[in-house]
Amino acid sequence: MSDPAPKNLPALPGLPLPEDTANLRFGPDLSPQLLGLLPLVGVWRGEGEAHEPGRGDYRFGQQIVVAHDGGDYLVWESRAWRIDQEGNYAGPDARESGYWRIAANDDIELVLTHASGAVEVYYGRPRNQISWELGTDVVVRTSSGSASAAAKRLYGIISDPAAHDNGEGSLSERAGGDLAYVEERGTGDGEFSPSRSARLRRFIG
């Protein structure tokens, strides 16, 4: 795997604004208000598994871009694609974009817009320095959008246990692993069932 440290998002010059960066080594400084979300910044790629009513189980590939421009929010962009049994591309899958914010008391807000025609507002809190748990407070869909139920998400950085079992080292050193997540969706009777999960490797950052 190539070194992600020297890579960053491609730049399109001409705007008077700071350019988005997914690499903390480049661009504007991260807002101090976002230190509780710092380990998320980067570009992540990998594969996962999904279950959808009417479509069953399937595998997908995914890229998540988490960037900032020095403001008090993180920019989130996720694209996924279906993978067939041979591991080949089998068509587009879910796509979403939005923003993360975190308050001084560690309350997290995540606003997501889905290409399928839904908007979700999540609230949550960090579980520790490298994991975050959220749940939907509001779910809205357009008249032509797909039905969307309440959701819960758990994100975490899976670091190298051999190197970090003792909990020592800086936050960035201990957050140097993969990004993993689990998403559950409401079933309509107050229960939640697994919907998507993935483990993604750092591609940039």
Side-chain angles (χ1 to χ4, degrees), residues 4-45 62-80 94-115 118-140 148 150-159 169-183 196 198 200-205:
K7 298 178 180 178
N8 201 7
L9 300 175
L12 298 175
L15 296 179
L17 300 165
E19 295 173 349
D20 284 351
T21 177
N23 192 325
L24 296 173
R25 300 168 183 82
F26 305 114
D29 292 336
L30 185 73
S31 168
Q33 294 177 247
L34 297 175
L35 291 178
L37 301 174
L38 178 152
L40 288 170
V41 177
V43 176
W44 308 87
R45 290 182 177 180
Q62 186 173 26
Q63 174 180 277
I64 295 177
V65 178
V66 187
H68 77 97
D69 62 2
D72 62 353
Y73 51 85
L74 294 181
V75 181
W76 176 272
E77 176 73 28
S78 172
R79 300 185 70 176
R95 184 169 185 174
E96 63 187 34
S97 61
Y99 301 92
W100 290 66
R101 295 165 58 90
I102 184 168
N105 64 358
D106 282 345
D107 286 342
I108 296 172
E109 302 173 355
L110 171 60
V111 180
L112 292 179
T113 302
H114 298 264
V119 177
E120 298 175 331
V121 177
Y122 288 79
Y123 290 101
R125 293 183 63 83
R127 297 182 68 180
N128 52 48
Q129 288 184 307
I130 54 173
S131 65
W132 307 266
E133 190 168 15
L134 308 99
T136 51
D137 179 67
V138 176
V139 179
V140 180
S148 183
K152 297 178 181 179
R153 293 188 180 187
L154 173 62
Y155 292 93
I157 305 297
I158 302 177
S159 54
S170 68
L171 175 58
S172 60
E173 288 171 337
R174 285 185 282 118
D178 298 343
L179 175 63
Y181 73 88
V182 176
E183 177 184 301
R196 303 175 75 87
L200 313 175
R201 302 200 122 198
R202 186 181 290 277
F203 180 73
I204 284 176

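- For the pair Leu37/Ile108, a side-chain contact is recorded, criterion being any heavy-atom separation below 4.5 Å from C-beta on.
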_Stepwise side chain to side chain contact (heavy atoms under 4.5 Å, CB included) test for Trp100 and Leu134_ = CA-CA 11 Å; Trp100 290 66; Leu134 308 99; 3.7 Å; yes
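- Listed by chain and residue number, nothing satisfies the side chain to side chain donor-acceptor pair (under 3.5 Å) test with Asp20 (two or more places apart in sequence, or in another chain).
- Ile204 contributes atom CD1, which lies 11.5 Å from atom CZ of Arg25 (distance to the nearest 0.5 angstrom).
- Counting heavy atoms from C-beta outward, Leu179 and Leu40 have side chains that approach closer than 4.5 Å.
- With hydrogens and angles disregarded, no donor-acceptor distance shorter than 3.5 Å links the side chain of Thr136 to the backbone of Ala150.
- In this structure Leu112 satisfies the side-chain contact (heavy atoms from CB on, under 4.5 Å) test together with Trp76, Glu96, Leu110, His114, Glu120, Tyr122, Arg153, sequence neighbours excluded.
- Considering only heavy atoms from C-beta on, Glu109 stays 4.5 Å or farther from Val121 through its side chain.
- A distance of 5.0 Å separates CG in Leu34 from CG in Leu74, rounded to the nearest 0.5 Å.
- Every side-chain contact (heavy atoms from CB on, under 4.5 Å) that Asn128 has, sequence neighbours left out, goes to Ile130, Ser131.
- Residues that satisfy the side chain to side chain donor-acceptor pair (under 3.5 Å) test with Lys7, not counting sequence neighbours, are Ser2.
- Judged as a side chain to side chain donor-acceptor pair (under 3.5 Å), and not counting sequence neighbours, Arg79 has no contacts.
- Atoms CG and CD, from Leu38 and Gln129 in turn, are 10.0 Å apart once rounded to the nearest 0.5 Å.
- Across every non-hydrogen atom of Ala11 and Pro13, the tightest pair is O-CD, 3.6 Å.
- Not one N or O on the side chain of Arg202 forms a donor-acceptor pair closer than 3.5 Å with the backbone of Gly177.
- You'll find the side chain of Glu19 stays beyond 4.5 Å of the side chain of Asp69, heavy atoms only.
- Scored by the salt bridge (charged side-chain N to carboxylate O under 4.0 Å, His left out) test, Asp72 finds Arg101 as partners (sequence neighbours excluded).
- Qualifying salt bridge (charged side-chain N to carboxylate O under 4.0 Å, His left out) partners for Asp137, counting only residues two or more places apart in sequence or in other chains: none.
- Shown here is Leu12, whose CG atom has no more than 12 heavy atoms of other residues, nucleotides or ligands within 6.0 Å.
- With sequence neighbours left out, the side chain to side chain donor-acceptor pair (under 3.5 Å) criterion links Arg127 to no other residue.
- In plain terms, the two heavy atoms of Ser31 and Gly71 that are nearest each other are CB-O, 3.3 Å.
- With Asn8 contributing its side chain and Ala22 its backbone, the two residues share a donor-acceptor pair below 3.5 Å.
- No close placement of the Trp44 and Tyr155 rings is indicated, their centers lying 6.0 Å or farther apart.
- Remark: Phe26 pairs with no residue by the ring-ring contact (aromatic ring centres under 6.0 Å, His included) rule, at least two apart or across chains.
- For the side-chain contact (heavy atoms from CB on, under 4.5 Å) test, residues two or more places apart in sequence or in another chain that qualify with Pro28 are Pro18, Thr21, His68.
- Of all heavy-atom pairs between Phe203 and Pro4, the closest is O-CB, 3.4 Å.
- Applying the salt bridge (charged side-chain N to carboxylate O under 4.0 Å, His left out) rule to pairs touching residues 26-41 yields nothing, sequence neighbours excluded.
- Residues meeting the side-chain contact (heavy atoms from CB on, under 4.5 Å) test with Ala94, sequence neighbours left out: Arg196.
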